[in-house]
Structure formats: C-alpha cells, structure tokens
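Because the structure is predicted, anything quoted here is derived from the model rather than measured.
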Amino acid sequence: MKQILLMRHAKSSWENPGLEDFDRPLAQRGQDDAPVMGKFIRAAGYKPAIIISSTAERARQTAELVSESAQIGDKILWNSNLYYGGGEDYLDAIREADDDIERVMLVGHNPLMESTATRLCDGGARAAIRMPTAALVCLQSFADSWSAISQGSCQLKWMMIPKVARKLQKEW
C-alpha cells in the first residue's frame, strides 16, 4: 500500500514586483502556515520517508519548514520539473520513488498540484480537488509499486488546510 502527500506551497510574497516568479519567497503568512502543516503531519502520524519538492524559492522554503517541524530530517529531493514541467512530471516524480518507501510527499504549485490530485483520484470524472496555499492532501493507493501509480489509481484519504490544523493544535 502506498500513500502520497501532495502539498501546495505556502502563501508567497508579492512585495517585490521585480523578482522573477521562480525567486518569490514566502510571505509571512506562508512562513507561519508551513510549520503548522509540518506539526500536523507529525501529530497525525503521516511523516513521509522523503519530500520531493519544486526548486522554486517558495516551494523550497515550504518543504524545509515542513521538514523541520515534522521532524523528517534532510530527506528532501529537489526536482526542477515540478516548477518547469507539466502534469506528467508530477506523476513521474512519484513513480520514480524507491519501492521500499511507503509514503512520499510532493511540494509543488497550482494548477498542477490540483490537477495531479484530481487525476490520481479518478481521472477527473468528478469535481476537481481544490487546494488553497499550504493545503495538504493524502492519497491512498493499493499499488505494490510506485511505477503502478496512474490516473484513477488512488483514493482521497483526507485533506488538511492551515486554518483547521491550527484549531487542531490544541489537541496535540
């Protein structure tokens, strides 16, 4: 059984309009939300073996803050195709994971993050999965191998957003 955590990067800053999109950092809200989501991952018992993240600054910062607060360590793989590529690159990043790993996490961008989640769950036959910034979804697959992950091969197990995770923190 394989589990996939998909996380849209946290809220980015638009303070410096001269920055290239790739170089935009997290806004203060994003810097606050990412650790909350990492703490949720740890408290809920869903720590991934690895994080595969886009190399864009806002995704990089999100992955590092989540990794630190979830106590995952430095198991982050940087994948520029999660910024420069397309939907198939998101699937390829998952399919290339080591089969000894049971749970992977991707940190990336919309609209590709939403379309990947929707595509994996049912190929788009139902309403799309909407992911605000720093949203996290957990997909469940009964595949034995990551290479078997394909359109419609997963089920949506749960979704979490920072606003709700903050409310749950009182229970941790």
Side-chain angles (χ1 to χ4, degrees), residues 2-35 37-38 41 46-121 123-124 128-139 141 143 145-151 153-154 159 162:
K2 304 293 185 191
Q3 288 184 343
I4 304 163
L5 299 176
L6 298 175
M7 184 174 187
R8 182 179 173 193
H9 66 75
K11 182 72 175 167
S12 61
S13 173
W14 291 90
E15 282 186 19
N16 187 344
L19 279 181
E20 294 292 323
D21 181 71
F22 182 87
D23 297 321
R24 284 189 300 113
L26 291 179
Q28 186 60 55
R29 187 176 105 198
Q31 293 174 36
D32 295 340
D33 286 349
M37 298 308 286
I41 288 168
Y46 281 88
K47 286 172 41 172
I50 59 166
I51 296 174
I52 305 165
S53 176
S54 160
T55 53
E57 182 64 16
R58 59 195 178 275
R60 186 189 63 74
Q61 288 179 318
T62 299
E64 289 173 345
L65 289 168
V66 167
S67 178
E68 181 181 335
S69 61
Q71 298 177 348
I72 296 166
D74 55 356
K75 298 175 186 169
I76 303 174
L77 303 176
W78 305 107
N79 186 329
S80 61
N81 290 336
L82 298 183
Y83 179 79
Y84 292 108
E88 201 61 31
D89 293 301
Y90 278 63
L91 294 181
D92 286 346
I94 295 166
R95 290 179 187 137
E96 292 169 3
D98 186 328
D99 281 335
D100 292 337
I101 294 171
E102 296 302 318
R103 186 180 298 122
V104 299
M105 178 176 176
L106 264 63
V107 177
H109 310 270
N110 264 353
L112 293 176
M113 192 57 72
E114 290 177 344
S115 65
T116 299
T118 301
R119 184 176 174 192
L120 286 173
C121 285
I129 296 171
R130 298 288 175 219
M131 298 176 69
T133 55
L136 178 69
V137 298
C138 179
L139 306 181
S141 175
S145 169
W146 289 110
S147 63
I149 301 294
S150 62
Q151 183 169 325
S153 68
C154 298
M159 179 176 180

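Contact annotation: the side chain of Leu65 approaches that of Leu26 to within less than 4.5 Å [non-hydrogen atoms, C-beta and beyond]. Residues Val104 and Trp146 are in side-chain contact: their nearest non-hydrogen atoms beyond the backbone lie under 4.5 Å apart. At a threshold of 4.5 Å between non-hydrogen side-chain atoms, the residues Leu77 and Asn79 do not count as touching. A 4.5 Å side-chain heavy-atom check between Lys2 and Glu102 finds at least one atom pair inside the cut-off. Taking the side chain as every heavy atom from C-beta outward, Leu82 and Val107 never approach each other to under 4.5 Å. The shortest side-chain heavy-atom distance between Ile72 and Pro48 falls under the 4.5 Å cut-off. Using a 4.5 Å cut-off on side-chain heavy atoms (C-beta onward), Leu112 and Asp89 make no contact. At least one side-chain heavy atom of Leu136 sits under 4.5 Å from a side-chain heavy atom of Met105.
Atom CG of residue Asp98 and atom OG of residue Ser145 lie 10.0 Å apart, to the nearest 0.5 angstrom. Rounded to the nearest 0.5 Å, atoms CE (Met113) and NE2 (His9) are 9.0 Å apart. In this structure, CD1 in Ile50 is found 11.5 Å from OG in Ser67, a value given to the nearest 0.5 Å. To the nearest 0.5 angstrom, Leu120 atom CG is 8.0 Å from Ser150 atom OG. Atom CD of Glu114 sits about 6.5 Å away from atom CZ of Arg8, to the nearest 0.5 Å. For the atom pair Thr62 OG1 and Asp33 CG, the distance stands at 9.0 Å (nearest 0.5 Å).
Taking the side-chain hydrogen bond (donor to acceptor under 3.5 Å, both in side chains) definition, one finds that Thr133 meets it with Arg29, sequence neighbours left out. Residues satisfying the side-chain hydrogen bond (donor to acceptor under 3.5 Å, both in side chains) test with Arg95, not counting sequence neighbours, are Glu88, Asp92. Annotation: side-chain hydrogen bond (donor to acceptor under 3.5 Å, both in side chains) contacts of Asp32 (sequence neighbours excluded): Gln28. In terms of the side-chain hydrogen bond (donor to acceptor under 3.5 Å, both in side chains) criterion, residue partners of Ser54 (sequence neighbours excluded) are, by chain and number, His109. Residues satisfying the ring-ring contact (aromatic ring centres under 6.0 Å, His included) test with Tyr46, not counting sequence neighbours, are Trp158.
The shortest non-hydrogen separation linking Arg24 to Ser13 is CD-O, 3.4 Å. Counting all heavy atoms, side chain and backbone alike, Gly108 lies closest to Tyr90 at CA-OH, 3.6 Å. Listed here is the closest heavy atom pair of Cys121 and Leu139: SG-CD2, 3.5 Å. In plain terms, the two heavy atoms of Gly30 and Pro35 that are nearest each other are O-CD, 4.4 Å. When all heavy atoms of Tyr83 and Phe22 are compared, the closest pair comes out as OH-N, 3.3 Å.
For Asn16, the CG atom sits in a packed shell: over 12 heavy atoms of surrounding residues, nucleotides or ligands are nearer than 6.0 Å.
Judged as a salt bridge (Lys or Arg N to Asp or Glu O under 4.0 Å), the pairs with a partner in residues 49-71 (not counting sequence neighbours) are, in order, Asp21-Arg58, Glu57-Arg60, Arg60-Glu64.
Arg103 places a side-chain N or O within donor-acceptor distance of the main-chain N or O of Lys47, the cut-off being under 3.5 Å.
Screening Thr118, Thr116, Ile129 for a side chain to side chain contact (heavy atoms under 4.5 Å, CB included) with Val137, the sole residue that qualifies is Ile129.
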side-chain contact (heavy atoms from CB on, under 4.5 Å) between Arg119 and Leu91, intermediate numbers included: CA-CA 10 Å; Arg119 184 176 174 192; Leu91 294 181; 3.3 Å; yes
Val66 and Ile41: CA distance, side-chain angles, deciding distance, side-chain contact (heavy atoms from CB on, under 4.5 Å) verdict: CA-CA 9 Å; Val66 167; Ile41 288 168; 3.8 Å; yes
